[in-house]
Amino acid sequence: MTTKADVIRQAHACGFADIGFTTVAPFDAHRQQLNERQADYGWVARMGLNLMRGSDPLAVMPEARTLIVLIEPYLRHRFPRRLEAHFGRCYLDDDRITKKGLAVRFKAFRGWLRDRGIASKSGMHMPHRAAAARAGLGSLGKNCLFYSRKAVRQGSWILPLTLLVDQSFAPDAPSFQMGCPDWCRNACVAACPTRALKGDGTLDPRRCISYLSYYGEGLTPRALREPMGLYVYGCDRCQDVCPRNAPWLALDLPVHPEAAVLEADFTLEQLLHMDQEYFKSRIWPRMFYMPAEQIWRWRMNAARAMGNTRDDRYVDDLARAAEDTAVDERVRAMAVWALGRIGGARADAVLARLRPAAAGLVLEEFAQSDKGRG
Ligand code: SF4
Ligand code: SF4
């Protein structure tokens, strides 16, 4: 008979930083929240994610007896500053498509269970942070993230992974408490540029830069463009400012082995001009929330980030995108905005050249910026 201690040992042998056990009872509070906050979370269903089903472990695996939660630190390496400025760190090291690291270890762990007669099913669409709290693995933060009790010096740079198994193991004591110290004056709430964090441990996902960068609809509203800053995909600001994360951020972590490849492939210039082939071969395997038909959003995000750098070395690239009528008009409109944000003689000259032929969203962009000036 495989014991809980055996499973814990194996989880560590497979490289996971921590492991907890909980029951397969439904996540009632999470279900209630999904029901009450339809306006906030309705988009999730439209994206094909069935969070309601995931909130009932037995709907996912009827024969399940225990929910295991594994803690995987995702910030074991550092990335060049230029990458961290534009991309959330968890996306820079996401191998769900390439299946090179974490996927191999997760599979090995499941294989070890299978060899002992224990069937398992990955808890896709489950409330991972709520599961980690119920399995006693740490505490919550007002930035809506889960802080580990052990890994990454008790920081939030972790992914809780859920796995349902058909054997009973004694559940661990839950840890639902908010772990933020009284002296922290809600640094995360104050730092959130788009005011997504409400301060009570909840957030409006539709205002969060992460959501806006990969799921936001249409041309990004003008009011959000500056607050979204340099981020192209994801956002780490509420984690970067958190004093609970300072101990881990202070470490000199080794450089990620693929940092150079990432840095070469994910430049703003390449993202702005990329074609489908480049997207499918270099970008999508690493950051896959936007399908190929939404390549325009990547390009629009790159244009916005260029504008927010206020660096006139991007003027020629933005001009090229704005002038090419084959380019999606949302990208062209954002390029016009970005040129205005960079400003200066060169950008102004491009805008003057573009203005007479402007139409549709591009024309609207000119009208809006005229209004802003007037
Ligand atoms: S990830 Fe960024 S936008 Fe989202 S809540 Fe945190 S600071 Fe705000
Ligand atoms: S910044 Fe402060 S309030 Fe926000 S999660 Fe960290 S400790 Fe908690």
Side-chain angles (χ1 to χ4, degrees), residues 33 37 39-41 43-44 47 49 71 73-75 79 81 83-94 127-130 132-133 137-160 175-217 220-250 287 289-290 297 300-301 304-305 308:
Q33 210 177 53
R37 297 179 60 193
D40 285 351
Y41 288 99
W43 59 273
V44 179
M47 295 296 155
L49 304 175
I71 295 295
Y74 63 75
L75 187 53
F79 296 93
R81 183 73 202 107
L83 284 173
E84 292 189 349
H86 299 307
F87 307 97
R89 293 183 183 91
C90 67
Y91 307 110
L92 287 167
D93 196 11
D94 185 341
H128 296 91
R129 290 168 199 156
L137 289 166
S139 62
L140 299 159
K142 287 186 191 167
N143 55 6
C144 301
L145 291 157
F146 190 76
Y147 286 71
S148 171
R149 64 180 175 178
K150 283 184 186 164
V152 290
R153 299 204 174 163
Q154 301 178 23
S156 63
W157 313 105
I158 52 158
L159 302 171
S175 55
F176 289 118
Q177 75 277 10
M178 189 67 77
C180 299
D182 290 341
W183 53 261
C184 177
R185 298 179 188 175
N186 294 352
C188 54
V189 179
C192 175
T194 49
R195 302 188 184 180
L197 293 171
K198 297 180 181 175
D200 59 356
T202 65
L203 95 165
D204 178 349
R206 292 161 307 163
R207 287 195 72 84
C208 176
I209 292 172
S210 295
Y211 165 89
L212 290 165
S213 65
Y214 40 68
Y215 290 146
E217 281 172 32
T220 305
R222 286 175 76 86
L224 290 170
R225 295 178 197 169
E226 277 189 42
M228 287 175 74
L230 301 182
Y231 280 116
V232 172
Y233 191 104
C235 166
D236 277 340
R237 201 160 158 76
C238 55
Q239 296 191 86
D240 283 342
V241 299
C242 176
R244 300 174 70 186
N245 277 331
W248 190 254
L249 287 181
M287 297 188 198
Y289 286 2
M290 291 181 257
R297 194 186 282 120
M300 176 183 74
N301 287 345
R304 173 187 42 74
N308 282 328

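In this text, all values refer to a predicted model and were calculated from it rather than measured experimentally. Order of appearance sets the numbers: ligands from 1, and atoms from 1 within every ligand.
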What is the ring orientation for Tyr233 with Tyr289, classed by angle as parallel under 30°, tilted 30 to 60°, or perpendicular over 60°? tilted
Check: [Y] main-chain N/O paired with [X] side-chain donor or acceptor under 3.5 Å:
X: Arg149; Y: Gln154; answer: no
X: Ser156; Y: Tyr147; answer: no
X: Ser139; Y: Met178; answer: no
X: Asn143; Y: Cys188; answer: no
X: Thr220; Y: Arg225; answer: no
X: Thr194; Y: Arg207; answer: yes

Any side-chain heavy-atom pair of [X] and [Y] under 4.5 Å:
X: Phe79; Y: Asp93; result: yes
X: Asp236; Y: Glu84; result: no
X: Phe146; Y: Ile158; result: yes

In the protein, which heavy atom is nearest to [atom], and how far is it?
atom: atom 5 (S) of ligand 1; value: Leu197 CG, 3.7 Å
atom: atom 4 (Fe) of ligand 1; value: Cys208 SG, 2.3 Å
atom: atom 2 (Fe) of ligand 1; value: Cys235 SG, 2.3 Å

Everything protein-side that's N, O or S and under 2.8 Å from atom 6 (Fe) of ligand 2: list it, residue and atom. Cys242 SG
Quick one: which ligand 1 atoms are inside 4.0 Å of a heavy atom on [X]?
X: Arg237; result: 7 (S)
X: Cys192; result: 3 (S), 5 (S), 7 (S), 8 (Fe)
X: Thr194; result: 3 (S)

Report yes or no: does a heavy atom of Ala191 sit under 4.0 Å from some atom of ligand 2? no
Check salt bridge (charged side-chain N to carboxylate O under 4.0 Å, His left out) between Arg195 and all other residues, then give those that pass, not counting sequence neighbours. none
Structural part of Trp183 in contact with ligand 2, heavy atom criterion under 4.0 angstrom: neither
Quick one: does ligand 1 sit under 4.0 Å from the side chain of Ile209, the backbone, both or neither, non-hydrogen atoms only? both
Which atoms of ligand 2 are found less than 4.0 Å from any heavy atom of Pro181? 7 (S)
